[in-house]
Amino acid sequence: MARTHTWETSLPAAECRARLEARSRPDSFWRGFRCDPSGTVYCLLRTDSFRLSAKGQPFVRNSFQPYFYGSMVEEAGKTLIRGRFRIHPSVVALMAVWFLGVATIGGSISVVMLKEILTGRVVSRGDMPETLGVLLGPAMVAFGVALVAFGWRMGRGQREVIERFLETTLQADQSEKSLP
């Protein structure tokens, strides 16, 4: 589960919203086609929440880039900015479908091939060796996990850019109240 990050600022929430809007680019589908420099921060403001993302390295498209989903709450004369870094929901949905397909198809192939090895009775047709068939499902799952981990690691610099952006734009300090 992603860790909740918390920042504290003495600015009111309305001022924080105004600064986010003024010092970032609007987020839209077309931002991927813009020629903005690396480190440009994009913001999508909603009534009680916001989403931030940062442009990564030039000529690199990372579907697993981090997005910061946050909210602002005024509390005891201060504004608390709370949120989590996550992958875009459409990428999560795509990977869920992919893992389901791998588990269903690759798992079926692995089970059938393992049954052939253990019983000696050939059920499948084709030239694939049984040992390769047994390893196919687990290898595809391992590939999917490695792909997600590598993509998330590539976004490390973007997470740092977003954290610095929040700290400088909103004059905020990261609070010790960050939750696991």
Side-chain angles (χ1 to χ4, degrees), residues 1-101 141 143-180:
M1 189 167 174
R3 189 179 121 210
T4 299
H5 297 270
T6 305
W7 285 270
E8 253 181 46
T9 182
S10 58
L11 299 172
E15 175 68 18
C16 291
R17 289 181 56 78
R19 285 182 179 216
L20 284 177
E21 190 170 22
R23 296 186 182 161
S24 64
R25 302 274 319 240
D27 196 359
S28 72
F29 170 78
W30 300 106
R31 79 175 156 86
F33 300 103
R34 294 182 189 154
C35 295
D36 294 327
S38 180
T40 301
V41 175
Y42 303 99
C43 181
L44 178 64
L45 283 170
R46 295 196 173 99
T47 306
D48 54 354
S49 63
F50 63 94
R51 181 182 79 188
L52 297 175
S53 62
K55 182 141 177 115
Q57 301 171 356
F59 309 112
V60 175
R61 173 73 174 113
N62 181 8
S63 294
F64 302 99
Q65 73 178 4
Y67 286 84
F68 182 77
Y69 292 87
S71 63
M72 291 176 267
V73 178
E74 288 192 53
E75 199 174 273
K78 295 182 179 186
T79 301
L80 294 177
I81 298 102
R82 289 190 184 114
R84 295 173 185 244
F85 286 100
R86 297 186 305 215
I87 298 171
H88 195 277
S90 62
V91 175
V92 172
L94 176 72
M95 289 307 294
V97 169
W98 189 83
F99 276 115
L100 181 63
V141 169
F143 172 76
V145 169
L147 183 67
V148 172
F150 180 70
W152 186 250
R153 184 164 171 79
M154 277 180 54
R156 184 177 47 199
Q158 291 165 290
R159 284 189 293 279
E160 292 169 0
V161 166
I162 292 169
E163 288 176 353
R164 275 195 318 270
F165 175 79
L166 285 169
E167 290 167 1
T168 57
T169 302
L170 304 180
Q171 300 171 353
D173 295 318
Q174 193 148 18
S175 172
E176 297 301 319
K177 298 177 185 177
S178 293
L179 305 171

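Just so you know, residue 1 is the first one in the sequence shown, and it goes up from there.
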Q.
Nearest 0.5 Å, please: how far is CD in Gln174 from OG1 in Thr6?
A. 8.0 Å

**Q.** Reported CD1-to-CD distance for the pair Ile162 and Gln65, which is rounded to 0.5 angstrom
**A.** 8.0 Å

Q: For atom CD of Glu74, decide whether the heavy atoms of other residues, nucleotides or ligands shown that lie under 6.0 angstrom number more than 12.
A: yes

Q) So do the side chains of Tyr67 and Arg86 get within less than 4.5 Å of each other, counting heavy atoms only? A) no

Q) Given side chains that start at C-beta, do those of Val41 and Thr169 come closer than 4.5 Å, heavy atoms only? A) no

Q | Side-chain heavy-atom pair Pro89, Tyr69 within 4.5 angstrom cut-off | A | yes

Q) Which heavy atom of Gln171 sits nearest a heavy atom of Leu11, and at what distance? A) OE1-CD2, 4.0 Å

Q | Between Arg84 and Thr4: side-chain donor-acceptor atoms closer than 3.5 Å | A | yes

Q | Point-to-point distance, once rounded to the nearest 0.5 Å, from CG of Leu147 to OG of Ser63 | A | 8.5 Å

Q) Is it true that Glu15 and Arg19 make a salt bridge, defined as a side-chain N closer than 4.0 Å to a carboxylate O? A) yes

Q. Going through the distances and angles, do Val161 and Arg164 end up as a side chain to side chain contact (heavy atoms under 4.5 Å, CB included)?
A. CA-CA 5 Å; Val161 166; Arg164 275 195 318 270; 3.6 Å; yes

Q) When rounded to the nearest 0.5 angstrom, what distance separates CZ in Arg46 from CZ in Arg51? A) 6.5 Å

Q | Nearest heavy atoms of Gly56 and Gln158, plus distance in Å | A | N-NE2, 3.3 Å

Q: Looking only at non-hydrogen atoms, find the nearest pair between Ser53 and Asp27 and report the distance.
A: OG-OD2, 4.0 Å

Q) Out of curiosity, Arg25 CZ to Thr40 OG1, how far, rounded to the nearest 0.5 Å? A) 7.0 Å

**Q.** Step-by-step side chain to side chain contact (heavy atoms under 4.5 Å, CB included) determination, Trp7 to Glu163
**A.** CA-CA 9 Å; Trp7 285 270; Glu163 288 176 353; 3.8 Å; yes

Q. Which word best sums up how the rings of His5 and Phe85 line up, parallel for under 30°, tilted for 30 to 60°, or perpendicular for over 60°?
A. perpendicular

Q) Between Phe68 and Arg82, which heavy-atom pair has the shortest distance, and what is it? A) CZ-C, 4.2 Å

Q. For the residue pair Phe50 and Cys43, what are the closest heavy atoms and their distance?
A. CB-SG, 4.5 Å

Q) Does CZ belonging to Arg23 count more than 12 external heavy atoms closer than 6.0 Å? A) yes

Q) Between Leu170 and Leu20, which heavy-atom pair has the shortest distance, and what is it? A) CD2-CG, 4.3 Å

Q) Distance from Thr9 atom OG1 to Leu80 atom CG, nearest 0.5 Å? A) 10.0 Å

Q.
As a quick check of understanding, evaluate side chain to side chain contact (heavy atoms under 4.5 Å, CB included) for Leu166 and Leu52, giving each step before the final call.
A. CA-CA 10 Å; Leu166 285 169; Leu52 297 175; 3.7 Å; yes

